[in-house]
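Down below is the structure, laid out as structure tokens.
First listed ligand is number 1; within each ligand, the first listed atom is number 1.
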Amino acid sequence: MKIKPTVQFPILLVGLMLAGCGKSPDATSAPAAAKQLTIGFAQEGAENAWRAANTASFKAEAEKRGINLKFSEAQGKEENQISAVKSFIAQHVDAIVIAPVVETGWEPVLKEARDAKIPVILSDRSIKVDDDTLYACFVGSDFKKEGQMVADWVVKHTGGKGRILELLGTPGSAPANDRHNSFADAIKGTNLTIIDSQSGDFKRDGGKVVMEAFLKKYKKGDFDIVYSHNDDMAIGAIQAIEEAGLKPGTDIMIVSIDGLKEAVQAIVVGKINCVVECNPLAGPVVYDAVEKVVAGQKVPRLSYNPDELFDATNAKAAVASRQY
Ligand code: GYE
């Protein structure tokens with residue numbers, strides 16, 4: 001098994017201290033001990049099960065690697081994240097990881113980080129900036145591909161015909177923008193149409209409230225498919241659909257993104273038809289990137305997780321091993 005240098009640190013340090021006993025104070029010839037990394041993580045929020053798994057992964061992996069993690073949770077507010085980043089800069093952390101709430105508004109604080117020579121690594125959600133050198137790299141999922149995978153599945157399983165209600169994620173966020181645009185592009189030229197789109201803010205309650213409003217506006221037979229930008233909203237929508245006396249997965253096709261164990265289980269019992277995975281267990285891959293960036297090594301600008309698709313053909317076999 002490969003042991004990471006950061007894990008070896010305490011052993012190495014003790015070794016160096018022992019080796020130094022009784023010698024002259026001239027330590028210049030001693031090899032430098034691996035320095036413990038201090039990382040500031042500006043987490044987006046705590047909105048749902050996906051985010052809880054994401055946060056847990058960062059905390060557990062920091063512990064494992066001996067990383068000093070400064071964690072801040074922004075409650076879905078960009079201004080809170082910006083304050084967190086400023087505070088990390090003031091504390092002279094070695095690197096800053098941001099899971100940005102929304103795509104815009106990042107230039108000023110990223111310039112402050114650059115001036116302080118602190119590298120910024122984007123995790124999970126991407127941003128729009130004119131100067132791409134304001135961050136070192138992005139590590140996360142390909143949201144455009146996810147939306148397209150769902151759309152391709154829907155086209156295949158409906159013969160390209162049907163009316164869709166869309167549950168949007170947080171307005172202005174990369175996953176909401178990309179999952180909407182890529183899905184809409186992929187159904188162009190078919191007889192599938194999005195008849196209404198409303199945001200449930202990636203939350204279970206949000207999905208339920210939006211679906212209840214949809215069910216007041218549209219009767220059974222007015223729509224065929226619910227496309228949800230994440231599983232939590234889909235699960236909320238399923239509750240609303242059942243409370244209205246309809247059968248999710250049968251009367252209405254339900255398709256979603258994230259791959260929560262609960263959602264894959266809902267496929268097994270026939271309440272969800274298709275889920276595309278978006279892996280939140282990002283701690284190891286993001287810290288790998290951070291360690292390289294801090295060591296001055298080259299990293300790819302964009303790294304994407306491989307994300308699977310689940311439906312009735314494979315959900316049963318997959319559900320037991322879902323880790324989130
Ligand atoms: O799909 C959703 C969470 O940014 C990819 O945020 C993430 C999304 C994820 O609220 O469940």
Side-chain angles (χ1 to χ4, degrees), residues 41-58 73-78 80-81 97-104 106 121-128 135 138-151 166-183 197-210 226-238 254-264 266 272 274-283 285-286 302-310 322-324:
F41 177 29
Q43 174 61 295
E44 179 268 348
E47 70 278 22
N48 56 31
W50 189 99
R51 190 65 56 190
N54 183 245
T55 292
S57 171
F58 275 98
E73 187 268 286
Q75 297 181 319
K77 295 195 178 91
E78 184 179 33
N80 291 350
Q81 283 193 297
V97 176
I98 312 176
V101 180
V102 289
E103 289 190 285
T104 54
W106 290 100
I121 288 84
L122 299 181
S123 159
D124 163 28
R125 297 185 180 178
S126 53
I127 59 171
K128 283 183 181 144
Y135 61 91
F138 166 87
V139 183
S141 286
D142 184 344
F143 304 138
K144 291 190 183 115
K145 192 167 165 206
E146 292 168 351
Q148 193 193 331
M149 283 166 78
V150 178
E166 183 183 27
L167 297 171
L168 302 165
T170 302
S173 70
N177 290 340
D178 290 348
R179 288 171 186 172
H180 169 78
N181 292 332
S182 61
F183 185 96
S197 301
Q198 294 292 329
S199 173
D201 208 17
F202 282 131
K203 293 178 181 150
R204 197 166 290 211
D205 282 4
K208 184 160 192 260
V209 168
V210 170
V226 170
Y227 166 41
S228 176
H229 285 190
N230 82 342
D231 289 345
D232 269 276
M233 292 191 296
I235 292 164
I238 285 171
I254 314 282
V255 293
S256 172
I257 298 171
D258 269 1
L260 295 183
K261 187 176 187 125
E262 200 181 345
V264 179
I272 294 184
C274 166
V275 170
V276 167
E277 186 184 36
C278 177
N279 194 334
L281 308 176
V285 276
V286 171
L302 306 172
S303 307
Y304 293 123
N305 308 317
D307 288 325
E308 283 182 63
L309 183 148
F310 302 106
R322 299 303 297 154
Q323 286 172 54
Y324 61 95

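The CD1 atom of I238 sits 4.0 Å away from the CD1 atom of I272 when rounded to the nearest 0.5 Å.
For ligand 1, the protein residues within 4.0 angstrom (heavy atoms only) are E47, N48, W50, R51, D124, R125, F143, P175, R179, F202, N230, D258, C278.
Screening E262, E277, E308 against R322 for a salt bridge (Lys or Arg N to Asp or Glu O under 4.0 Å) leaves a single residue, E277.
With Q81 contributing its side chain and A74 its backbone, the two residues share no donor-acceptor pair below 3.5 Å. Although no hydrogens or angles enter the test, the distance criterion places a donor-acceptor pair under 3.5 Å between the side chain of S57 and the main chain of A282.
Remark: K203 engages D201 in a salt bridge (Lys or Arg N to Asp or Glu O under 4.0 Å) (not counting sequence neighbours).
Ring geometry, Y227 versus F183: the interplanar angle falls under 30°, so the pair is classed parallel (tilted spans 30 to 60°).
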